[in-house]
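Since the model is a prediction, treat every value here as computed from it, not as a measurement.
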Amino acid sequence: MSETWGANLDELRTLAKQCGAGSQTLTELSKSLSTMVNNPNFWKGGDADRMRGTWNSGMKARLLSASKMLDKASTDLVNQAKEQEQASQVGGSSGPGGNSNGPGGSDGPGPGGSDRDFWGPDWLADPDSPFRNGWDYYGYAKYLPGMRASLFDMAGMAYKAGTWAEFMDPAAWAAFRGSNPFSQAFNASSNLFDGNWHRLFELTDGSTAFKAFDGLGKGLGVVGMGLDGLDAYNHFQDGDVGAGLYSGTKAALGALSFAPPPVGTAAMIASGGLFLYDNVPVIHDAVNATGEAIADVAEDVGGAISDGAEAVGDFFGF
């Protein structure tokens with residue numbers, strides 16, 4: 001029996017819808033934030049003026065640019081699905097692996113189907129719930145700029161650092177980020193979607209606004225860790241050790257992302273690679289097709305990280 005190789009058509013169309021919805025969400029968010037930030041009665045003072053200036057001079061444009069990028073991706077995915085459907089003469093599943101929820105397809109690590117029993121409320125524990133789908137939309141906005149900034153910083157420091165000790169020194173990383181305009185631009189976009197607006201707008205350390213946005217950024221990271229930890233628990237409860245280890249790995253990487261560079265930077269790249277593996281059918285299928293089905297979970301995770309990082313690096317040109 002013949003077999004068609006390529007991405008799963010249903011997943012391509014689902015991803016196209018997600019990208020379209022994410023684009024619309026970012027556009028609406030830009031409008032809401034502009035109204036709030038530019039309202040003189042909402043916030044007054046030096047931090048407020050600095051925030052308005054930074055938002056209106058560049059941050060709003062970056063948000064809208066991300067919206068346009070997602071909208072274009074949605075159109076490209078729809079066209080890709082049409083082209084592949086026309087080229088294929090075989091019905092049924094069109095891609096090796098079939099399911100983008102973890103190494104090995106629907107039976108491998110990653111969030112499983114919604115037909116199993118979950119510990120916790122459905123809206124939180126079910127990977128197919130509206131809340132979890134919305135969290136995936138946020139992931140698209142977060143990981144692309146985050147990986148771009150982390151990959152650039154990692155490459156820049158590897159070139160600049162004269163010794164291994166300097167490469168491992170968080171102070172050297174801070175100096176590099178503070179002096180390199182490309183790193184500053186990339187990290188500004190990353191901070192925008194990470195919720196770290198206290199860094200983005202260079203708010204006064206210790207101020208009320210600084211503490212609020214610092215809490216927001218850390219809170220979003222903790223939510224991501226918690227969701228992965230919950231998935232790991234449910235998988236272990238189901239007896240699916242491989243899936244539990246995969247979700248546990250993602251939770252651990254989320255925790256390491258809080259560490260100073262280069263550890264936190266490497267963890268961010270790894271987390272982004274796994275996110276792309278879980279949610280982008282082309283990357284998922286490419287990893288699953290490599291090596292004729294890798295059995296070892298650790299090799300699956302490593303392959304997902306490598307392919308995801310390489311794909312984003314190629315996308316941004318480094």
Hydrophobic clusters join Ile, Leu, Val, Met, Phe, Trp and Tyr when side-chain heavy atoms are under 4.5 Å apart, directly or via other members; which others share one with Met225? Val222, Phe258
Could you grab the distance from atom [atom1] of [X] to atom [atom2] of [Y], nearest 0.5 Å is fine?
X      : Y      : atom1 : atom2 : result
Met154 : Met268 : CE    : CE    : 11.5 Å
Tyr143 : Leu274 : OH    : CG    : 8.5 Å
Asp228 : Thr249 : CG    : OG1   : 10.0 Å

Are there more than 12 heavy atoms of other residues, nucleotides or ligands under 6.0 Å from atom CZ of Phe182? no
Can you give me the closest heavy-atom contact between [X] and [Y], atom names plus distance?
X      : Y      : answer
Ser247 : His235 : OG-CD2, 3.5 Å
Gly244 : Ala232 : O-CB, 3.5 Å
Asp136 : Phe275 : O-CZ, 3.5 Å
Asp128 : Asn133 : O-ND2, 3.4 Å
Trp135 : Leu220 : CH2-O, 3.5 Å
Ala149 : Ser190 : CB-CB, 4.2 Å

Just by modelled atom types, is the [Y] backbone N or O under 3.5 Å from a matching donor or acceptor in the [X] side chain?
X      : Y      : result
Thr265 : Pro261 : no
Ser179 : Phe176 : yes
Ser257 : Leu253 : yes
Asn180 : Ser183 : yes

List the atom pairs, with distances to 0.1 Å, where a side-chain N or O of residues 156-169 and a protein N or O form a donor-acceptor pair under 3.5 Å, not counting sequence neighbours.
{"residue": "Thr163", "atom": "OG1", "partner": "Glu166", "partner atom": "N", "Å": "3.1"}
{"residue": "Glu166", "atom": "OE1", "partner": "Gly162", "partner atom": "N", "Å": "2.9"}
{"residue": "Asp169", "atom": "OD1", "partner": "Ala171", "partner atom": "N", "Å": "3.1"}

Can you check side-chain contact (heavy atoms from CB on, under 4.5 Å) on Ile269 and Ser150, steps first, answer last? CA-CA 6 Å; Ile269 295 172; Ser150 297; 3.5 Å; yes
Evaluate the side-chain proximity of Asp240 to Asn234: yes if any heavy-atom separation is below 4.5 Å, no if none is. no
Carboxylate-amine/guanidinium contact Arg132 Asp126, below 4.0 Å: no
Flag the pair Lys250 and Asp231 as a salt bridge only when some basic side-chain nitrogen lies within less than 4.0 angstrom of an acidic carboxylate oxygen. no
Between Asn187 and Asp153, do the side chains contain a donor N or O and an acceptor N or O under 3.5 Å apart? yes
Would you say Asp278 and Tyr246 are linked by a side-chain donor-acceptor pair, where the criterion is simply a distance under 3.5 Å? yes
